[in-house]
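Let me begin by presenting the structure, written as structure tokens, before commenting on it.
The chain is numbered in sequence order, starting from 1. For ligands, and for the atoms within them, numbers begin at 1 and follow the listed sequence. Fair warning: this is a prediction, and the values are worked out from it, not measured in the lab. Scope of the values below: all heavy atoms of this structure, side chains included, with no hydrogens, waters or symmetry mates.
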Amino acid sequence: MTDVLDQTGLQQRRHLVTEIPGPRSVELMARRQAAVSAGVGTTLPVFVSRVGGGVIEDVDGNTLIDLGSGIAVTSVGASAPRVVAAVQAQVADFTHTCFMVTPYEGYVAVCEALAELTPGDHAKKSALFNSGSEAVENAVKIARHATGRQAVVVFDHAYHGRTNLTMALTAKNMPYKHRFGPFAGEVYRVPMSYPYRDGLAGPDAAARAISQIEVQVGASNTAALLIEPVQGEGGFIEPAPGFLTALREWCTAHGVVLIADEIQSGFCRTGDWFGVDAEGVVPDLVTTAKGMAGGMPLAAVTGRAELMDAVHPGGLGGTYGGNPVACAAALGAIETMRSEDLAGAARAIGERMLPRLRALAERFPAIGDVRGRGAMIALELVRPGSTEPDAALAGAVAKACHAQGVVVLTAGSYGNVLRFLPPLVIGHDLLDEALDVVEAAFAEVTGS
Ligand SMILES: *Cc1c(COP(=O)(O)O)cnc(C)c1O
């Protein structure tokens, strides 16, 4: 424990004064159950009062260590000073005009920043939206319009959102798709590179996927190949080296638009500005959201100017897309990432956590794989001596962590992945303490 104060005045320490959840949270959960749809899930039934740095304070006065960042959103923290100042100033001036009615500078400035930060030195343009799903839908619209082709190829374990088209693009049935069909058409799924489970080298895994596309879809029918450079909800699956490069080459050879869904992996999370940077792959279109705007809802499609301009005027947009308050937040968040080198901070988090987690895997044979890049790190849990997924163990370990005041999330097609997504501004002493809790949780749950 430390007495370091975050800039928000929130003490950067884990401190439990009640059971988790405490009595105020229990009361609010009862109100939630009465008023909120049961279809909206809850990872941790703890109601929040303040969040800053690496700490979440709840309504009972507990402070928890945050290894989730609201699902990879609050990379700069949930109350980053530059974001707070920019939002407050913008709210006082105006909250909305609709960029399509009377434009404002913040939207343009975000698009300029995206052109500068996304991979490749070609001419780029952007369009802004509200959610990641909406950005992915628009990337598909643009690719179809520009190529005059319809088929969209996606991968096993992919997650691209919950709207109708993006449900079709998402791989996992429960909870995302179950009984929500019929789904949008012309979506084709091919095998992902999954080194822990397929053992294939990147180029071989790419050849397997490409052969399936050519046989089942046809390159000349394919508008876009859509991929998360490091898969998020699917379990932080990092393709083997050479996989993305081979897909890039195939897309170039056949006029297929390569869309990188960087909504979870982008904006410094993996230790680079974008997940594709590690392999130097340049996508044609990039979708961003989550980490971009310090917690405010903003999403973007950025890509080759000739693709982005192929759509007729008025063909893209939306009432709230690129809201001025969200744009102000994004400019504050991007400035924070730049001036505080949060890509470097993400790498330092990985360097701090991975050796410790590898040691944990030596102690607990249920940890089948330790993987990740930067501050996007996962443990895949299996029955010892096999690769059979153990979702119950992942759930039990997460629950034990929550009870001790550490927010961790699960993921994976098989539900057997524990994932760690700390805010990039978290202190290393908090990380160490959180890992002590994770280790104790494994000991408690496995009885070893
Ligand atoms: C979260 C996510 C989305 C969907 O974003 P929403 O803002 O929840 O609609 C799409 N793609 C990836 C990779 C994501 O992680």
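Around atom CD of Glu306, more than 12 heavy atoms belonging to other residues, nucleotides or ligands sit under 6.0 Å away. Shown here is Tyr196, whose OH atom has more than 12 heavy atoms of other residues, nucleotides or ligands within 6.0 Å.
The six-membered or imidazole ring of Phe267 lies near that of Phe274, with a centre-to-centre distance under 6.0 Å.
Neither the backbone nor the side chain of Ala289 has any atom closer than 4.0 Å to an atom of ligand 1 (non-hydrogen atoms only). Residue contacts with ligand 1, taken as heavy atom pairs separated by less than 4.0 Å, do not involve Gln231 at all.
Ligand-side atoms of ligand 1 in range of Lys290: 1 (C), 2 (C), 3 (C), 14 (C), 15 (O), range being under 4.0 angstrom from any heavy atom. Of all the atoms in ligand 1, the ones that sit under 4.0 Å from a non-hydrogen atom of Ser133 are 4 (C), 5 (O), 6 (P), 9 (O). Remark: ligand 1 atoms within the under-4.0 Å shell around heavy atoms of Ser131 are 7 (O), 9 (O). Near Glu228, meaning under 4.0 Å from any of its heavy atoms, are these atoms of ligand 1: 13 (C).
For atom 6 (P) of ligand 1, the closest non-hydrogen atom on the protein side is Gly132 N, 3.4 Å. The single protein non-hydrogen atom nearest to atom 11 (N) of ligand 1 is Asp261 OD2, 2.7 Å, given as residue, atom name and distance.
Classified by interplanar angle (parallel below 30°, tilted 30° to 60°, perpendicular above 60°), the ring pair Tyr107/Tyr104 is perpendicular.
Leu298 and Gly322 make their closest contact through CD1-CA, 3.7 Å (heavy atoms, listed as atom of the first residue, atom of the second, distance).
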TODO: Output, in order, the C-alpha distance, side-chain angles, deciding distance and verdict of salt bridge (Lys or Arg N to Asp or Glu O under 4.0 Å) for Glu233 and Arg419.
DONE: CA-CA 9 Å; Glu233 305 304 302; Arg419 59 171 158 168; 2.8 Å; yes

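Residue contact check for ligand 1: Gly232 places no non-hydrogen atom closer than 4.0 Å to it.
Counting heavy atoms from C-beta outward, Val282 and Asp121 have side chains that stay 4.5 Å or more apart.
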